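Quick caveat, the model's predicted, so the values are computed rather than measured. So you know, we letter chains A, B, ... as the sequences are listed, proteins then strands, and number each from 1.
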Amino acid sequence: MATPTDEGAREKLHFIQRIVREHNASGRFDGRVCTRFPPEPNGYLHIGHAKSICINFGIAAEFGGKCNLRFDDTNPIKEEQEFVDSIVADVRWLGFEPAEILYASDYYGRMWAWAEELIEKGLAYVCDLTPDQVRETRGTLTEPGRESPHRNRSVAENLDLFRRMRSGEFPDGSRTLRAKIDMAAPNLNLRDPVMYRILTAHHHRTGDAWCVYPMYDWAHPLSDSVEGITHSLASIEFENHRPLYDWFLDSLGIYHPQQIEFARLELSHTLVTKRKLRALVEEGHVAGWDDPRMPTLAAMRRRGYPPAALRDFAARIGVAKDENLVEYALLEHCVREVLNREAPRFLGVLDPLRVVLTNWPEGKVEMLPAVNNPEDESAGTREIPFSGELLIEAADFMEDPPRKFFRLRPGGEVRLRWGYIIRCDEVVKDAAGKIVELRCTCDLDTRGGHAPDGRKIKGTIHWVSAAHAIPATVRQYGALFSVPEPGRVEDFRTVLAEDSLVEIADAWVEPALRDAEPGFAFQLERLGYYCVDRDRAADRLVLNRTATLRDTWAKIAAKGD
RNA sequence: UGGGGAGUCGUCGAAUUGGUAAGACGCCUGACUCUGGAUCAGGAAGCUGAAGGUUCGAGUCCUUCCUCCCCAGCCA
């Protein structure tokens with residue numbers, strides 16, 4: 001393993017990597033590295049969790065250690081098996097295999113024994129105060145709290161009461177086990193924190209075996225200790241809890257991991273708060289936890305984001321302690337980078353405009369070869385049917401175009417991708433003046449798009465053969481919120497973007513896409529990256545737009561106005 | 001106004017730890033191009049929250065101040 005003094009000293013390491021190196025160098029954990037990702041199974045994982053997962057599994061892999069997936073399942077009221085299943089699936093999808101999948105609830109027995117040990121040491125007591133009374137006696141940020149009248153019960157009485165709490169003798173909320181620390185501590189977490197509360201609830205794993213459940217602050221350090229975790233990586237809001245983490249472990253005199261806190265990720269134009277995401281789902285602002293507009297991993301998977309892009313994103317945003325708001329554009333960049341390299345290309349038209357080739361032989365259909373992926377020769381080629389009646393993108397024709405518009409115009413020429421060069425001879429309009437058809441001449445000598453006379457054709461547009469194209473419903477997704485920091489607005493519901501989902505029912509794609517399976521990711525040339533949604537039916541293709549392509553023309557056009 | 005954290009280009013984020021402010025995304029130019037994609041080349045953009053101080057020299061050390069975040073769940 002590298003030490004801080006060797007060549008590696010010049011590498012750019014983040015502060016956690018540095019700490020681990022120092023520990024390895026000093027032998028604090030005998031060169032061992034063991035981390036854990038500890039989600040509570042009360043919701044779906046989001047992009048913020050992906051950062052944590054990548055850091056925890058990444059540190060373990062980097063130092064030849066291991067990383068566990070441990071469910072922090074200490075609150076049966078909020079937790080469900082559905083969430084543990086989705087979390088396991090999401091972690092694996094992201095590309096990580098836990099050394100072990102464990103549950104804090106696996107340690108309930110040991111935790112109980114340790115609690116009795118603390119009582120015997122005079123460091124914990126059963127308190128009969130109600131929740132309201134506990135709050136009233138806790139003090140405030142500037143005033144110390146008052147000691148509970150039950151603080152000095154005898155060990156025997158505490159033990160007796162504690163065991164009776166477990167046997168179901170007392171009603172919910174009537175008693176708690178509290179650590180006897182310091183009601184005047186400036187750190188509120190040290191003012192005799194609750195270790196156990198009485199909760200008559202069915203637990204998704206332990207069933208009805210318990211009616212007392214441990215609090216996070218008590219359960220977490222013990223779970224870490226049991227598993228031999230070396231570096232307990234937590235988000236910054238747990239920094240205030242570290243003294244308590246240390247106090248429990250030191251009071252018990254058991255193996256003591258090092259807790260290290262890092263800043264959680266904030267992503268622009270979205271929310272990474274479970275509570276608010278739940279509200280979006282429950283209030284129907286989105287179609288579910290995996291609605292492709294959501295920042296959950298399930299949604300990103302459905303949207304077509306490759307897991308490799310998320311890992312790359314996590315690596316690029318870095319690890320530090322200051323608050324940060326990462327621009328969504330960086331995530332999109334990572335997504336495009338992977339997809340550009342891997343996604344096969346196809347042609348499809350979202351807003352069709354009919355083109356009739358007046359000189360094309362009646363009824364003739366030609367199969368034209370097309371390259372599947374210019375970034376990957378091994379992706380091979382396919383054939384696309386070409387005929388005398390085509391559909392092109394309405395935006396690729398302008399009757400009176402501005403300067404620098406090099407697509408189709410009256411009397412102008414344009415190349416059909418992988419096809420022929422055509423010239424627009426006539427614009428057909430309906431009674432309302434709307435353009436409904438273009439009558440064009442096809443230069444029959446330009447098959448494949450090459451002009452034998454060497455003339456330059458600046459524009460190339462996408463198309464499909466009207467008779468062969470298959471219909472598709474396309475869901476175009478954009479940012480869920482119209483402002484960069486919806487989390488800072490009084491009510492995030494007021495800044496929900498109205499056009500975050502635009503469904504196009506009349507899109508047409510080339511026939512090669514007919515049998516594409518849900519999840520299949522590809523590029524619709526000149527439009528963006530798409531994937532087949534699980535909503536697709538045998539007779540109806542449903543596509544999700546994963547991301548757009550960079551659109552230089554849009555910028556030019558916008559400036560022109 | 002108690003305690004704990006944090007302040008470096010628009011956004012992230014480095015700086016061998018006192019030695020003369022990386023890189024990435026975004027933005028702007030240009031080249032190239034059968035995706036106005038991709039790629040390539042170049043550019044603008046921070047005097048490092050502020051003010052003092054130490055020093056030949058400070059983002060790095062000292063002092064004072066300012067701003068932001070977290071904590072008063074029997075949530076995690």
Side-chain angles (χ1 to χ4, degrees), chain A residues 9-10 12-14 38-40 42 72-75 77-79 127 129-131 134-136 138-145 172-178 184-191 193-199 213 215-217 219-220 234-243 261 263 265 268 274-275 316-334 336-337 340-341 345 347 371 374-375 404-407 415-419 421 448-451 457-462 484 523-528 548-557:
Chain A
R10 284 188 66 243
K12 283 181 291 184
L13 302 175
H14 57 67
E40 179 186 15
N42 69 341
D72 239 323
D73 56 349
T74 55
N75 186 352
I77 293 170
K78 295 184 178 174
E79 299 152 6
C127 178
L129 257 28
T130 64
V134 169
R135 191 180 332 110
E136 287 160 14
R138 183 157 21 230
T140 68
L141 295 180
T142 51
E143 306 158 30
D172 285 9
S174 61
R175 282 175 164 59
T176 56
L177 181 72
R178 292 227 258 165
N187 180 340
L188 269 26
N189 294 126
L190 264 19
R191 319 248 261 226
V194 171
M195 294 163 63
Y196 278 95
R197 74 282 215 187
I198 302 174
L199 231 46
Y213 290 93
M215 296 288 290
Y216 165 87
D217 282 314
H220 204 80
S235 44
I236 209 76
E237 64 267 32
F238 289 103
E239 207 153 23
N240 294 329
H241 295 248
R242 181 161 21 99
E261 309 82 15
L265 163 71
S268 78
K274 251 191 244 177
R275 205 193 91 246
R316 292 191 195 222
I317 58 178
V319 181
K321 298 192 74 161
D322 21 324
E323 294 158 27
N324 57 83
L325 176 72
V326 178
E327 290 177 340
Y328 204 95
L330 178 60
L331 212 205
E332 286 209 301
H333 168 79
C334 294
R336 289 193 186 102
E337 197 167 76
N340 173 54
R341 210 185 311 128
R345 273 66 170 174
L347 299 183
V371 171
E375 303 291 323
K404 290 208 232 170
F405 178 84
F406 18 91
R407 277 113 98 148
R415 173 169 35 239
L416 296 174
R417 179 71 157 162
W418 309 121
I421 293 169
H450 307 284
I457 301 298
K458 187 78 168 163
T460 299
I461 65 175
H462 54 276
Q523 181 193 104
L524 242 26
E525 295 208 39
R526 303 215 305 137
L527 294 173
T548 59
L549 248 25
R550 248 182 58 214
D551 191 348
T552 308
W553 166 245
K555 282 181 186 171
I556 296 171

Please work out if A:F406 contacts a base, only the sugar-phosphate, or nothing of the nucleic acid, heavy-atom cut-off 4.0 Å. base
Would you say B:rA76 has OP1 or OP2 under 4.0 Å from some side-chain N or O of A:T74? yes
Need to verify one output field. Residue with the more 5' nearest nucleotide on RNA chain B, A:D551 or A:R316? A:R316
Within the modelled atom types, does a donor on one side and an acceptor on the other bring the side chain of A:N189 and the base of B:rC71 under 3.5 Å apart? no
Would you mind classifying the nucleic acid contact of A:Y196 as base, sugar-phosphate or nothing, using non-hydrogen atoms under 4.0 angstrom? nothing
Expressed as a whole number of Å, how far does the P atom of B:rG37 sit from that of B:rU16? 39 Å
To the side chain of A:L325, which of B:rG2, B:rC25, B:rU11 is closest? B:rU11
Which nucleotide wins on minimum distance to the side chain of A:E525, given the candidates B:rC70, B:rU35, B:rA14? B:rU35
Is the aromatic ring of A:Y216 within stacking range of B:rA76, meaning centres under 5.5 angstrom and planes under 30 degrees? no
Using a cut-off of 4.0 Å on non-hydrogen atoms, how would the nucleic acid contact of A:H450 be classed: base, sugar-phosphate, or nothing? base
Lys/Arg-Asp/Glu bridge criterion (N-O < 4.0 Å) met for A:E261, A:R242: yes
It should be established whether A:R135 places a side-chain nitrogen or oxygen under 4.0 Å from OP1 or OP2 of nucleotide B:rG73. yes
Consider the side chain of A:E323, meaning its heavy atoms from C-beta on, and name the nucleotide among B:rG5, B:rC69, B:rA24 that approaches it most closely. B:rC69
Under 4.0 Å protein heavy-atom contacts per nucleotide of nucleotides 38-48 of chain B, with B for base, S for backbone only and - for none: S----------
Where the side chain of A:M215 is concerned, which of B:rG36, B:rU8, B:rC75 is the nearest nucleotide? B:rC75
Can you identify which nucleotide, out of B:rC69, B:rC71, B:rA14, has its nearest atom closest to the A:N240 side chain? B:rC71
Check: B:rA76 base within 3.5 Å donor-acceptor of A:H241 side chain: yes
Remember a base hit wins even if backbone is also touched, and classify A:N324 as base, sugar-phosphate or nothing at under 4.0 Å, heavy atoms. sugar-phosphate
Is a side-chain N or O of A:R178 found less than 3.5 angstrom from the main chain of A:C127, in a donor-acceptor match? no
Taking the C1' atom of each, how far is B:rG18 from B:rC25, in whole Å? 31 Å
Which part of the nucleic acid, if any, lies within reach of A:E332 when heavy atoms closer than 4.0 Å are counted: base, sugar-phosphate only, or nothing? nothing
Whether A:R242 contacts B:rG3 is assessed here as follows: a side-chain N or O lying under 4.0 Å from the phosphate OP1 or OP2. Is that the case? no
For A:R138 and B:rG73, is the shortest distance between a side-chain N/O and OP1 or OP2 below 4.0 Å? yes
With heavy atoms under 4.0 Å as the rule, sort A:R415 into base, sugar-phosphate or nothing. base
Between A:W553 and A:F405 (judged by ring centroids, cut-off 6.0 Å), do the two rings come close enough to count as a pair? yes
Give one of base, sugar-phosphate or nothing for A:E327, where a contact means two heavy atoms less than 4.0 Å apart. base
Measuring only the C1' atom in each nucleotide, how far is B:rA24 from B:rU67? A whole number of Å is fine. 27 Å
Heavy atoms only, 4.0 Å cut-off, all strands: where does A:P374 land among base, sugar-phosphate and nothing? base
Between B:rG13 and B:rA21, how far apart are the C1' atoms? Round to whole Å, please. 13 Å
Would you tell me if any nitrogen or oxygen in the side chain of A:K458 comes within less than 4.0 Å of OP1 or OP2 on B:rU33? no
Would you classify A:K274 as touching base, sugar-phosphate or nothing, given that sugar-phosphate means primed atoms plus P, OP1 and OP2, and contacts are heavy atoms under 4.0 Å? nothing
Across the strands shown, which category fits A:I317 at heavy-atom distances under 4.0 angstrom: base, sugar-phosphate, nothing? sugar-phosphate
Please classify the nucleic acid contact of A:L416 as base, sugar-phosphate, or nothing, using heavy-atom distances under 4.0 Å. nothing
Return the 5'-most residue of the pair A:P186, A:A263 with respect to RNA chain B, ranking by each residue's nearest nucleotide. A:P186
Nucleotide nearest A:T460 (side chain, heavy atoms from C-beta), chosen from B:rU35, B:rC70, B:rG4: B:rU35
Heavy atoms only, 4.0 Å cut-off, all strands: where does A:V371 land among base, sugar-phosphate and nothing? nothing
Does A:K321 make a side-chain N or O approach to OP1 or OP2 of B:rC69 shorter than 4.0 Å? no
When the P atoms of B:rU11 and B:rG7 are considered, how many whole Å apart are they? 14 Å
Using a heavy-atom cut-off of under 4.0 Å over every strand shown, decide if A:H220 touches base, sugar-phosphate, or nothing. nothing
Shortest side-chain distance from A:A329, nucleotide among B:rG26, B:rC75, B:rC12: B:rG26
Check every strand shown and say whether A:S268 touches a base, only sugar-phosphate, or nothing at a heavy-atom separation below 4.0 Å. nothing
